[in-house]
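Heads up, the thing below is written out as structure tokens.
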2 protein chains.
Amino acid sequence: MPVRVSKGLSSLSDEADLRRADSLAREIFSDVANKWALLIIEALGERTLRFSELRNEVEGISHKMLTQNLRMLERNGLAERKVHPTVPPRVEYTLTEPGQALRATVDLICGWTHEYFGHIESARRRFDT
Amino acid sequence: MPVRVSKGLSSLSDEADLRRADSLAREIFSDVANKWALLIIEALGERTLRFSELRNEVEGISHKMLTQNLRMLERNGLAERKVHPTVPPRVEYTLTEPGQALRATVDLICGWTHEYFGHIESARRRFDT
DNA sequence: CGGTATCCCAAAAGATACTG
DNA sequence: CAGTATCTTTTGGGATACCG
């Protein structure tokens, strides 16, 4: 039996619904489980930022990747886009409540990285010989 | 100032060390923050599995991607590879303690997905019009 | 300033075939 | 069965140019 990303959704009745839920869960999963998305979420976790500020915060991200990922976050309701109709335009991005909740889990991954930093470093040295 | 993945590592003294730590942290981060790696970790969280079992558990993964990700997990000390010298060969993979710890955080992401399933679904519908 | 579109190269990933 | 190697295709992502 395959791994069920949505194995906790006990409220869903039949197999067909479960499949639908699982397929969406996987989709969200692979949207969000990428380096740029997670780094953007980390950055927005601190405070609301405008496009150009985000470009500076998320080191090495290109214009294109930033817009692409911001659209994705917006589409999934994780970030909110607020346009100030000024000249020049000013666009601000904020995490929504679901976004903040996700951010908390991302923080845990960061915490994990710190905790096992040494383990990983030495495991690598062993493996690379 | 750029986002620091390793912002919690207060034990490190000077800026140069902090940079090294941050660069490794990012590396680990992008190794681990990918769909296949996370799904493999989820699967191995349940129990020890052999290669062919993993191929069935992790739906849609190719032979190549599976070996590639397993090597990566092994290299980082997250999974252990045990070869039984039989004919035909039997190779089993198990999560190490760091791997189990990471798995716990992946579970939280799964939990998050379930919790905000509805939010995300409706956010998408709104956006896609 | 922020966003879209285009072009283009490099990396990711699938398919296939071969080995211990 | 598990793993490696090779080939091909698809995607990711950088650079550039242009619009509101």
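First the proteins, then the strands, lettered A, B, ... as listed; each starts at 1.
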I need the [atom1]-[atom2] distance between [X] and [N], as an integer number of Å.
| X | N | atom1 | atom2 | value |
| --- | --- | --- | --- | --- |
| A/L54 | C/dG2 | CG | C1' | 12 Å |
| B/F51 | C/dG20 | CZ | P | 18 Å |
| B/E92 | D/dC1 | CD | C1' | 13 Å |
| A/L66 | C/dG2 | CG | C1' | 10 Å |
| A/Q68 | D/dG13 | CD | C1' | 8 Å |
| B/H84 | D/dG3 | NE2 | C1' | 17 Å |
| A/N69 | D/dG14 | CG | P | 11 Å |
| B/N56 | D/dA2 | CG | P | 10 Å |

With the side chain counted from C-beta on, respond yes when B/L39 and B/I61 share a heavy-atom pair under 4.5 Å apart, and no when they do not.
-> no
Between [options], spot the one nearest the side chain of [X], thanks.
| X | options | result |
| --- | --- | --- |
| A/K64 | D/dG13, D/dT4, C/dG3 | D/dG13 |
| B/M65 | C/dG3, C/dA13, C/dC1 | C/dA13 |
| B/R71 | C/dG14, C/dT4, D/dT4 | D/dT4 |

With heavy atoms under 4.0 Å as the rule, sort A/R55 into base, sugar-phosphate or nothing.
-> nothing
Quick one: label B/R50 by what it contacts on the DNA or RNA (base, sugar-phosphate, nothing), any heavy atom closer than 4.0 Å.
->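 It contacts sugar-phosphate atoms only.
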Minimal heavy-atom distance between A/P89 and A/R50, with the atoms involved, is O-NH2, 3.7 Å
Show me the donor-acceptor pairs, under 3.5 Å and distance only, between side chains in residues 76-83 of chain B and residues at least two apart or in other chains.
residue: B/N76; atom: OD1; partner: A/R124; partner atom: NE; Å: 2.6
residue: B/N76; atom: OD1; partner: A/R124; partner atom: NH2; Å: 3.2
residue: B/N76; atom: ND2; partner: B/D31; partner atom: OD2; Å: 3.0
residue: B/N76; atom: ND2; partner: B/M72; partner atom: O; Å: 3.3
residue: B/R81; atom: NE; partner: B/Y93; partner atom: OH; Å: 3.3

Using a cut-off of strictly less than 4.0 Å, decide whether B/T67 has a side-chain nitrogen or oxygen near OP1 or OP2 of D/dG3.
-> no
Give a yes/no on whether any side-chain N or O of B/R81 is located under 4.0 angstrom from OP1 or OP2 of D/dG3.
-> yes
From B/R75 CZ over to A/I120 CD1, what is the distance, rounded to the nearest 0.5 angstrom?
-> 10.5 Å
Whichever of A/H63 and A/W36 has its nearest DNA chain D nucleotide further upstream toward 5' =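 So the residue in question is A/W36.
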Map A/I61 and B/Y93 onto DNA chain D by nearest heavy atom, then report which one ends up closer to the 5' terminus.
-> B/Y93
Is the B/H119 ring parallel, tilted or perpendicular to the B/Y116 ring (thresholds 30°, 60°)?
->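 B/H119 vs B/Y116 ring planes: perpendicular.
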